[in-house]
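Contents: one structure, followed by commentary.
Quick note on labels: first sequence line is chain A, next is B, and so on, each numbered from 1.
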Amino acid sequence: MAKGGGTYDPGAIETEIYAFWERGDGHRSYFAARPDSGRVPFTIVIPPPNVTGALHLGHALNNTLQDILIRRKRMQGFDACWLPGTDHAGIATQAVVEKRLLETEKKTRNEIGREALVERIWKWKDEYEARILGQLRKMGCSCDWERTRFTLDETCARAVYETFFRLFKDGLIYRGTRLVNWDAALQTAVADDELYHESVKGHLWHIRYPVADSNGATEQRSDGGAAPSHLHPSTPFLTIATTRPETMLGDTALAVHPDDPRYQHLIGKHVTLPLVHRRIPVIADPILVDPKFGTGVVKVTPAHDPNDYECGLRNNLPQLNILTKDGRIRDDDEGKRLFGPYAGMERYAARKQIVKDLEAASLLEKAEPHEHEVGHSDRSKTPIEPMLSEQWFVKMAPLAEPALEAVRDGRVNFFPPRYAKTYLDWLGEKRDWCVSRQLWWGHRIPVWSYYGLAHQFASPAAAIAHGEVREKLRLRLQTLVASGAVAICYEDEPIANAARLDDREAFATKKHRICIADPGNSELVKQLADAGYEQDPDVLDTWFSSALWPFSTFGWPEKNSEQAEPPPASNPEFAIRYSQFAIHRYYPTSVLSTARDIISLWVARMVIMGLYNTGDKPAGPGRVPFSHVCIHPVIQDGNGRRMSKSTGNGVDPLDLIELYGTDAMRFTLASMAGETQDLRIPVSYHCPHCDALTQHSSVVPHNKFPRDIPKVKCKGCGKEFATVWADQPLKDQLGVGLDTSERFELGRNFCNKLWQAATGFVLANLTEESNGPRTLSRQQLALEDRWILSRLQACIAEVDRRIEAYQFSDAAGAIYAFFWGEFCDWYVELVKPRLAKKGDAAPDQRSDESRLVARQVLAFVLDQTLRLLHPIAPFVTEALWHRLNAVAAWRGIDELQEGGPALIVAEWPRVQSQWIDADAELRMSRLQDVVRALRDVKTRVNGIRAAARETVIRNLPQAVLRADARLTAEFEASRAALLTLGNCDAIDIGERLAKPPEAASKIFAGYELYVSLSGLANLDLERQRLGKEIDETRGHIERIGSKLGNESYVRGAPPAVVERDRAKLEELRSKLTSLEENLAGISN
RNA sequence: GGGCGCUUAGCUCAGUUGGUUAGAGCGCAUGCCUUACAAGCAUGAUGUCACAGGUUCGAGUCCUGUAGUGCCCACCA
């Protein structure tokens, strides 16, 4: 082969190989699950990526790991089912589409309306879903594409509505008030994760609240001590501090700590709310109040502060909302009455005015400048207001307990196990789950409300007609409730059974809500609308549908889902649905792979819903959705920040694939995916103009919005270019800088090494002669054959053990070390002489036999390596598999096996213990010692010669290897290898050989190597080296000696350890003697 | 503030129940186009295992504390 004959080019084969897999066996894709195969299923559902944008490196990692698991199980003969899909991601997606709408058309969602907005979001979803699924394909993911789901598609929606209905019927869903983050600009609630905090310069205002029960007299403390200084003797007051003075309008109490001696006498008394003169009580609350902070008095505004809200609940305080939806002080009747002059004012204007008025009334003690973090809406960039609103909740207490139990009793296991704590701690709080969101993008809550007799009818006839419509509905509802298609809830009474509907009067007058199991029943929906019902405008939390993902995707609650028997072949349509919705087969899934940050948001809720839904009966004890949860590390950038799109430091895996190849990316990610540490990957931009690298995201501020960094300035040429996250026009205009990181060279180099070794050596040596392989016995194998086969068994065992434990980096490392460090570096080099053909110089003695055996071992080891590596690096291994099949269809040692048409479905390697060979490994390690020693001597000789401007030598002329009789025979058998690999022209091997003059030496346990340096190099460096080694050896002897001299060590340590140290000491002493002799021998 | 990790070579990280002289990749140094591979080969150098105590015959490993760092959760009137 020509020198420098090209490197592995992944781009050339990846597309073709992926198409090959998708074509499959001509009947079905190799990726498709085979529910009719009779094999044991192995299922993974993908954590559905958000359709907000493209995937980044974090997704690449997670999906690589899942593909590793699924591909290995497929090869092990399981019916592997990896279900792909995407998540509608509620607010996140709606927000990006609204943002774009505003940017491109200057319109708000209210201007275009609910339907039009939702339509646009669907378009966005189609675009990004396609991009995401395309990325997964490029990454080589072997998903069963026929099963691709979307959390908002019809199949998933059915499960959502069914679940909501069951919860509703079981009384596990209720309406409650909750503080939400209110965006007054967009007039919507925003989720916690859509907030960002920004430091705002404000003031801490200290306000005096006069004590109201004092009759103007000095309050006496119960212990008779002096009043605190801030209690004015004539008009006592309490001072509070606040950053939002306008919220005082909503105060319904002041709180002090119950043990605070300063305020004991005031607990239970009242103060007057300044300016608006409302009496509010002074209460004691040990949770809200820290007596050491500030004045130890806190104003309580339950309707506008989360802590105050909790305090209000504890103390039965009224919740007084002071704000309108657009951020003004309320000016409805109650607002006018309570807030007087401030009613109707914009919130910040009100703040200003209130401060001014307090000052005027001498109730403002002081105003300190104060910088604090204020929550802002990611979408409008305005400060959010905590505001009370009515929401839907799921009761967690009864649901959480079984889910806790499932982890405690080991039905669900976390890997690494420490993450079980995260899960248990969070679920243990059993906090009710707010499932409603004030959005348009999502599953609309399937509840219709009737608000009693609110209708104004145009005429008496219309009223009568309406009554008839309602009566008809009532009768129908009775049937529907009885059949379990509808559930009804009267005001405060959670569940009404069908009998309640007998009460026509109540039905006509009372507020009630109707939850229907199938909101797709348009005829019923219309009937409800006609009868004066309104559907709840909100949608469900996106995690609600995510929680159902392990079974909603398989068609639950499809009827056939509980049937275990296959459908009759005579009904093809049913057979397809059966196959598609094979929940009986693929649920519970086998393993879930995800990052740790959504253990509570997602993992816990899947367990809850799985247990709740998948029992034999509705709401019966169900099955856990997976038995293993694999928590993989988080990818960080070079500065240790979590990699994500929103932080602006995300990396598109396609960039890395373009630069390094898919297998290289996957192998590198797998190599880095350890159990304890997150992966830090410094990334740079590859300038499209000048190829220079610019550090990635080194200056992106964490909290600033927008976080997008679509433009980057090149450090090399100074030109600007776009990042992959930029919009297309910008990309076209500036060119796109690809993300890159030299970390991925590890994988690229390994893939190249595999490719070169396989095509350039193994396959090249298999092409000639066509004798097929035959079964071989141990006697026919050379030392290196036995050794590499033994090492191969160790590698297989290690890879198995590591993948089973989700220790991916160790699995990748084991293959790397075996193939590169043992097979390529040693076996290939050892076997080269045996492959020399007749007529070549210096053919091996046993040429024919030996050559054929070597070829067979080469083919077999490559075969096994390709199988082992395939889950991690699927493309290059599959490509080589086909090439190997072409030249050696049958492979094996003592048992032959045909390669098979596709590696993706080839059998996973098994450890064959008959090839584990400790003797060969020991002999080989001695051979390696001698070879390394010879190379070392040569390198040092050449170092001296180069320094002296002499030509370097290619080979050492002569070496002497002194060993006992047994080892002499052993080395004699490997003489050729010693000479070739040790770059040595001649070697004497024997028991009592004379040490050559002026010799460099290496001392091993039981054998010594000498190389005369006469005429090659001066001896100074060898003397130095020996001196150093002697020092080291003496130090070592001293350490072990003193250890063994310590009686308590000899008594306390295990005998085997002591024995080993004794032997070691003996060995070191003899080594020291030799070293000293050698040094003396070359000293003047 | 609570919880969970991390701190080992210049960089990124391994290091199993405590037990030989603490390892890998990259980088570095030297020499090599040795007929698979320069994305390569060979050889070599590089460590106060964050710090301070403790347990032990023996600590990178176990315990306590300190400092730094990252993530998750809760967030201070």
Taking protein heavy atoms under 4.0 Å as touching, what does nucleotides 2-8 of chain B look like 5' to 3' if B marks base contact, S marks sugar-phosphate-only contact and - marks none? -SSSSS-
For B:rA14 versus B:rA24, give the span between their C1' atoms, rounded off to a whole number of Å. 7 Å
Among the nucleotides B:rC57, B:rA42, B:rC37, whichever has the atom closest to the side chain of A:Thr939 is B:rA42
Apply ring pair (Phe, Tyr, Trp, His ring centres under 6.0 Å) to A:Tyr806 and A:Phe415, showing your working. CA-CA 7 Å; A:Tyr806 305 102; A:Phe415 297 84; 4.8 Å; yes
Remember a base hit wins even if backbone is also touched, and classify A:Val1050 as base, sugar-phosphate or nothing at under 4.0 Å, heavy atoms. nothing
Base, sugar-phosphate, or nothing: which does A:Val298 touch, judged by heavy atoms less than 4.0 Å apart? base
Using a 3.5 Å limit on both distances, find every run of at least three consecutive Watson-Crick or G-U pairs that involves RNA chain B. B:1-7 with B:67-73, B:10-13 with B:23-26, B:28-32 with B:40-44, B:50-54 with B:62-66
Which is true for A:Trp820 with a 4.0 Å heavy-atom rule: it touches a base, it touches only sugar-phosphate, or it touches nothing? sugar-phosphate
With sugar-phosphate meaning primed atoms plus P, OP1 and OP2, does A:Cys824 contact a base, only sugar-phosphate, or nothing at under 4.0 Å between heavy atoms? base
At 4.0 Å (heavy atoms only), tell me whether A:Asn983 reaches a base, stays on the sugar-phosphate, or touches nothing. nothing
Using a heavy-atom cut-off of under 4.0 Å over every strand shown, decide if A:Arg748 touches base, sugar-phosphate, or nothing. base
Taking atom C1' in both B:rC4 and B:rG10, what distance in whole Å separates the two? 30 Å
Need one value for A:Asp308: base, sugar-phosphate or nothing, where a base atom within 4.0 Å counts as base even if backbone is also close, heavy atoms only. nothing
Need one value for A:Ala1053: base, sugar-phosphate or nothing, where a base atom within 4.0 Å counts as base even if backbone is also close, heavy atoms only. base
When we call it a touch if two heavy atoms are under 4.0 Å apart, what does A:Arg431 touch: a base, just sugar-phosphate, or nothing? sugar-phosphate
From CZ of A:Arg1069 across to P of B:rU20 the rounded distance in Å is 19 Å
Regarding A:Gln636, tell me which of base, sugar-phosphate or nothing describes its non-hydrogen contacts under 4.0 Å with the strands shown. sugar-phosphate
Does A:Arg932 reach a base, just sugar-phosphate, or nothing at all? Heavy atoms under 4.0 Å. sugar-phosphate
Distance, C1' atom - from B:rA38 to B:rU21, rounded to whole angstrom: 34 Å
Taking B:rG60 as the reference, what is the distance to B:rU20 when you measure between their C1' atoms (whole Å, please)? 16 Å
Counting the atoms with a prime plus P, OP1 and OP2 as sugar-phosphate, which does A:Asn752 contact under 4.0 Å by heavy atoms, base, sugar-phosphate, or nothing? base
Please determine whether a side-chain nitrogen or oxygen atom of A:Asn749 lies at a distance below 4.0 Å from atom OP1 or OP2 of B:rG40. yes
Would you classify A:Glu1059 as touching base, sugar-phosphate or nothing, given that sugar-phosphate means primed atoms plus P, OP1 and OP2, and contacts are heavy atoms under 4.0 Å? nothing
Rounding to an integer number of angstrom, what distance separates B:rA67 and B:rA52 when you compare their P atoms? 15 Å
Nearest-Å distance once atom P is located in both B:rC62 and B:rU7: 11 Å
Report which part of the nucleic acid A:Arg1051 touches: base, sugar-phosphate, or nothing (heavy-atom distance under 4.0 Å, all strands). nothing
Any donor-acceptor pair under 3.5 Å between the side chain of A:Thr242 and the base of B:rA77? no
